[in-house]
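Scroll down for the structure; my scribbles are underneath it.
Just so it is clear: chains get the letters A, B, ... in the order the sequence lines come, proteins before strands, and each one is counted from 1.
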Protein chains: 2
Amino acid sequence: MKDMTTARTPVPDAARRLPEAERRLSLRERKKLKTRTAIRDATYRLIKEQGYEATTVEQIAEEAEVSPSTVFRYFPTKEDIIITDEYDVLVEDLLRSRPADEPVLESVRWAIRRSMAMQVADTPDYVHEEMKLRTGLMVSVPAVRSRAMESMSVTGRLLCRAIADRTGRAPDDLEVRVYAMGLVSALLEAVLYWAERDYRDDVLNLVDRTLSTFRDLARRPPDDGPDHGPGVPPGEAPGAPEIHGPAAPQP
Amino acid sequence: MKDMTTARTPVPDAARRLPEAERRLSLRERKKLKTRTAIRDATYRLIKEQGYEATTVEQIAEEAEVSPSTVFRYFPTKEDIIITDEYDVLVEDLLRSRPADEPVLESVRWAIRRSMAMQVADTPDYVHEEMKLRTGLMVSVPAVRSRAMESMSVTGRLLCRAIADRTGRAPDDLEVRVYAMGLVSALLEAVLYWAERDYRDDVLNLVDRTLSTFRDLARRPPDDGPDHGPGVPPGEAPGAPEIHGPAAPQP
DNA sequence: CCATCTTTTGAGAGTTACTCTCATTTCATG
DNA sequence: CATGAAATGAGAGTAACTCTCAAAAGATGG
């Protein structure tokens, strides 16, 4: 399949993910996986050659040797071909694997570090390539960035559940949600920063700095100024209880 | 004055914004403003009746009595008709009006409060209506939410500049960007929360709680656990200097 | 191996958001 | 009122999706 004589295939399509674990799938499932990655690879290839806008779904379909309908069956939008992340489940597992009494930020740091490391270290080069292409597109193509933000908000809800588990708060608590979304947005911003500066920095370091920023957020300088500006009533905000550490389950 | 005989115009199209200040604009500018709000009003009206997806740009054009081309001349995308915010400049002004030695979070709290208050308090009811429709669409229509996130990231960059001004850091400093984006994302999440729960809460209160969450973020519980999980090297993140308070301009 | 059932695929027609171009109208200005 | 500039409308074109239906291919039981 796929000819091999064309000499334009930068990456062996099959045997990329799940090189042996896929043996145990039914023929149907295996084929589905194959077309899925075929579509994705075709997309990356074409975009690398001609850019994002210039690449139409029709071309992608042709390059992947499927029909346009099939492309849309596998990916709801063109951007999804690029963004889709089997990444969330991974982070979720990693998060759950941490001791329940560890401060949330530390668990997150660990999980992110781990999942990043798995994508960045001891991993073949074409994965790097893909990651760079992907993040580069996030920077340059608004539609892709939007999609990334959407998917990020899914990660946010995931984080909400994790936080809820540990703190005994509800997953849809305002403070929990706000905290989770703030965090994942910050992390996305760090990745964009990374891409914008041509991947010169070490992503893991950027992630660390981002999380540190979050941790140090409230270390305000000695002059703990007035709580509210003039003209604004004291406003009895029901002070947000600690999120970081383990908290007693709500009574 | 509002009659118009059609009896379906819920809001007097003209004389809504800038009731007198627009007197001093040229006829052309006044007309442009008029069609702009005509398009927006038409959109709100139609969406309220038939929902977002069911409302086509063609219908909007017809309802606003302009051609489809004109609609796209005024708003690059359908979502922009809903999201467009003259809001950023307002916040920017408010931010700049604060004393330079005030902690950033307090300035932000004040600016957001103010701009929210201007949209929520002592303001006619149809503005409330619009805001609810808008935020409701953010919740229910992915495309609109995406667009909102995009525009939010613009607000983020604005915040970056403000923070940079005060702390002497660069506006594209990682810590600054990460902090700013985290904050605006959190605020957006608060608004979504507000909409999701049918506007039962007081937005200003939600905003306060959100900002408080950010301020209290690092107030970790007494047991200041180990900084890093097992298996992760200490990682010398170049500790993020204070962002909150005024800092000496970089040497 | 065949027959049947289910899932996947392809083909094609249709919708809609958006773009581009050009002629016409409408305001601005002397 | 004449001339130039800006805004508009009309229309053709593209590309991302959606829907439907019939053909192909894997699964399953005999």
request  = Look at B:E92 together with B:R96 and state whether they make a salt bridge at an N to O cut-off of under 4.0 Å.
outcome  =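 Salt bridge flag = yes for B:R96 with B:E92.
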Under 3.5 Å, is there a donor-acceptor pair linking the side chains of [X] and [Y]?
| X | Y | answer |
| --- | --- | --- |
| B:E58 | B:T56 | no |
| B:Y193 | B:R197 | yes |
| B:T70 | B:S67 | yes |
| B:S185 | A:S185 | yes |

OP1 or OP2 of [N] less than 4.0 angstrom from a side-chain nitrogen or oxygen of [X], does that happen here?
| X | N | answer |
| --- | --- | --- |
| B:K31 | C:dC27 | yes |
| A:T70 | C:dG10 | yes |
| A:K32 | C:dT8 | yes |
| B:Y74 | D:dT8 | yes |

ask   = Checking B:K78 against B:Y52: charged group under 6.0 Å from the ring centre and within 45 degrees of the axis?
value =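 Yes, cation above the ring, under 6.0 Å and within 45°.
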Length of the [atom1]-[atom2] vector between [X] and [N], whole Å:
| X | N | atom1 | atom2 | value |
| --- | --- | --- | --- | --- |
| A:E62 | D:dA16 | CD | C1' | 17 Å |
| B:K78 | C:dT16 | NZ | P | 9 Å |
| B:R147 | C:dC18 | CZ | P | 11 Å |
| B:I82 | C:dA17 | CD1 | P | 11 Å |
| B:E58 | D:dA10 | CD | P | 12 Å |
| A:R30 | D:dG26 | CZ | P | 11 Å |
| B:I39 | D:dA7 | CD1 | C1' | 12 Å |
| B:K34 | C:dC27 | NZ | C1' | 15 Å |

ask   = For the side chain of A:L27, counting heavy atoms from C-beta on, which of D:dA10, D:dG26, D:dC17 is nearest?
value =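 When the side chain of A:L27 is considered, D:dG26 is the closest of D:dA10, D:dG26, D:dC17.
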key: Proximity to the side chain of A:T56 - top-ranked nucleotide from C:dC18, D:dA16, C:dA11   =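 Minimum distance to the A:T56 side chain belongs to D:dA16.
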message = Can you confirm whether more than 12 heavy atoms, excluding those of B:R114, are under 6.0 Å from its CZ atom?
response =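 No, CZ of B:R114 has 12 or fewer neighbouring heavy atoms, counting only those of other groups under 6.0 Å.
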query = Has B:E196 got more than 12 heavy atoms of other residues, nucleotides or ligands less than 6.0 Å from its CD?
reply =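 Yes, because the 6.0 Å sphere around CD of B:E196 holds more than 12 heavy atoms from other groups.
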ask   = Minimum heavy-atom separation for B:S153 to A:M149, with atom names?
value =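 Scanning both residues, the minimum pair turns out to be CB-CE, 4.0 Å.
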request  = Take A:S67 and B:E53, find for each the nucleotide of DNA chain C with the closest heavy atom, and name the residue whose nucleotide sits nearer the 5' end.
outcome  =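 In this pair, the answer is A:S67.
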What nitrogen or oxygen pairs link the protein and nucleotides 3-6 of chain C at under 3.5 Å?
unit_1: C:dT6; atom_1: O2; unit_2: A:R28; atom_2: NH2; d: 3.2

query = So A:D172 and A:R157, salt bridge (Lys or Arg N to Asp or Glu O under 4.0 Å) or not? Walk me through it.
reply = CA-CA 9 Å; A:D172 57 345; A:R157 276 196 280 286; over 6 Å; no
For nucleotides 19-23 of chain C, print each protein N/O atom paired with a nucleotide N/O atom at under 3.5 Å, atom names and distance only.
none

